[in-house]
Amino acid sequence: MLHTKRTLPILALFGAFALMTAAPAFAQNAAPAPAAAAPADSSAAAAPAPAPADTSSTDATPTHVGGAHAGHLGPWEMFIDAEPLVKVVMVGLVIASFFSWTILILKIFEFSSMNRVTNRFLETFRGAKSIADMGKIAEAEEFAGNPLADMAAAASAEVELSRQAGLHVAGDHRDTTIMRAQAAVSAVQASLSRRLSGGMQFLATVGSTGPFIGLFGTVYGIMHSFIGIANSNTTNLAVVAPGIAEALLATGLGLFAAIPSVVFYNYFQSLITSYGSRTEGFVAELMNAISRQLDKGA
C-alpha cells in the first residue's frame, strides 16, 4: 500500500511529460490544412486587376467651341452661328438702320438746299415793285419748289384771280382780298408741314423701338445659351461665350440703329421749328407787302 502511494506521483509526472512532448507533433500535423488553402489565396491575389479605362485621349482632346469659327469669332461669324430668330432680329435692325441713314442724308441735303434757296429768294423778293412782280419772282425757275416762293406765288395768284373775276381788290375790299390771299398761303403752309415732317415718324419709331427689338434678340439668345449649358452639363466659359456674344450683337445692332435716329430726329425737329418760325415771319412780311401794293393801287 505504501509502495502504491509512492508510485502514483511518479506516474502523474511521467504522463504530464508525455503530453508536453506530444503537443508539437499534433500542431505540425494540423498545419497543412491552412497551407493547402494558401495557393488559392495567392492565385486570387496574383490575378491582375481590370485595367482602368484610358481617359487620356479624351482629356487630351480639346473642346471644339464657337461652331465652325472657333478661335476667330467676329461679327460676321457670330451672325452666321446665331439662332434663326436672332438672325431675323439682326437683319431687321440692319435694314432699319440702312433706311434711317438714307433718310438722314436726304434730310441734311434737303434742309441745306432749302435754306440756301430761301436766302436768295428773300433778297430778290424784297426788291419787287408790285404784286405782279412778286408773282413773277416767285414763279422763277431758280426758286421752284421753295416753300416761301410757293407762298408768295399763291398769294399773288389769288389777288390776280380776284382781279380777273372782276372783283374789287382795293379800297373797301382790301381786307377781303388780304384774307383770301392769306387763306391761299395757309394751304401752302399745310403742305409744307407735311413735306418737312416726311420720314420723321420712321426715325422716331426706330429710335424708340430699336433697343427693345435688339434686347428681345439678346434675351432669346442668352436663354438659348443657358439651355445649352443645361444640356451639355458644363459651365466652361469657352462653351458659353459664343452664344452670349451672338446674343449681345443683337443689342449692339439695335443701339447702332437707334442712336443716330434719336440724335438726328431731335436735330431735324429743331430745324423744322426754326424754319416754321421763318415762314411765319415771311407770311407777315408778305401780307404787309400785298397790303401796301393794294393801297397804292398796284
| field | Smallest separation among heavy atoms of Ile137 and Ala128, with atom names | value | CD1-CB, 3.9 Å
| Should Arg163 and Glu160 count as an ion pair when the cut-off is N to O under 4.0 Å? | yes
| query | When you measure from the side chain of Ser193 to the backbone N and O of Gln189, does any donor-acceptor pair fall under 3.5 Å? | reply | no
| is_close_aromatic(Phe111, Tyr275), centroid dist under 6.0 Å | no
| query | Is any side-chain heavy atom of Phe268 closer than 4.5 Å to a side-chain heavy atom of Ile108? | reply | yes
| query | What's the spacing between Glu158 CD and Ile131 CD1 if we round to 0.5 Å? | reply | 11.5 Å
| task | List the atom of Ala155, the atom of Met287, and the distance in Å for their closest heavy-atom pair. | result | CB-CE, 4.3 Å
| Which atoms form the tightest heavy-atom contact between Val206 and Ala257, and what is the distance? | CG1-O, 3.5 Å
| field | Exceeds 12 heavy-atom contacts within 6.0 angstrom, atom CE of Met223 | value | yes
| said: Looking at Ala96, is its backbone amide N or carbonyl O close enough to the side chain of Ser100 to form a donor-acceptor pair, meaning the two atoms are under 3.5 Å apart? | reply: yes
| request: Compute whether any side-chain donor of one residue and acceptor of the other, for Thr218 and Thr251, lie under 3.5 angstrom apart. | output: yes
| said: Tell me if a side-chain donor or acceptor on Ser186 pairs with a main-chain N or O of Gln182 at a distance below 3.5 Å. | reply: yes
| Run the salt bridge (Lys or Arg N to Asp or Glu O under 4.0 Å) check on Glu123 and Arg120 step by step: do they pass? | CA-CA 5 Å; Glu123 292 178 2; Arg120 291 203 311 266; over 6 Å; no
| Has the side chain of Ser197 got a donor or acceptor atom that lies under 3.5 Å from a matching backbone atom of Met200? | no
| message | Is it the case that the side chain of Thr205 and the backbone of Gln201 share a donor-acceptor pair, with hydrogens and angles ignored and the cut-off at 3.5 Å? | response | yes
| request: Answer yes or no: is there a side-chain heavy-atom contact under 4.5 Å between Phe143 and Phe125? | output: no
| query | Within a strict 4.5 Å, meaning less than it, do heavy atoms of the Glu110 and Leu196 side chains meet? | reply | yes
| request: Give me the ring orientation class for Phe264 and Tyr267: parallel if the planes are under 30° apart, tilted from 30 to 60°, perpendicular past 60°. | output: perpendicular
| task | Identify the two heavy atoms, one from Ala181 and one from Ile290, that lie closest to each other, and give their separation to 0.1 Å. | result | CB-CD1, 4.3 Å
| Exceeds 12 heavy-atom contacts within 6.0 angstrom, atom CZ of Phe202 | yes
| query | Hey, does the side chain of Lys107 reach the backbone of Gly199 with a donor-acceptor pair shorter than 3.5 angstrom? | reply | no
| field | Nearest heavy atoms of Ser156 and Gly135, plus distance in Å | value | OG-CA, 3.2 Å
| field | Spatial distance of atom OG1 (Thr177) from atom CG (Leu161) [nearest 0.5 Å] | value | 12.0 Å
| query | Between the side chain of Lys129 and the main-chain N/O of Met134, is any donor-acceptor distance below 3.5 Å? | reply | no
| query | Nearest heavy-atom pair of Ala149 and Ala138: which atoms, and what distance? | reply | O-CB, 3.2 Å
| message | Between Leu85 and Phe216, is the side chain to side chain contact (heavy atoms under 4.5 Å, CB included) condition met? List the steps. | response | CA-CA 10 Å; Leu85 180 60; Phe216 167 74; 3.9 Å; yes
| Arg278 versus Thr118, side-chain donor and acceptor atoms under 3.5 Å | no
| query | Taking the side chain from Thr279 and the backbone from Gly276, do they hold a donor-acceptor pair closer than 3.5 Å? | reply | yes
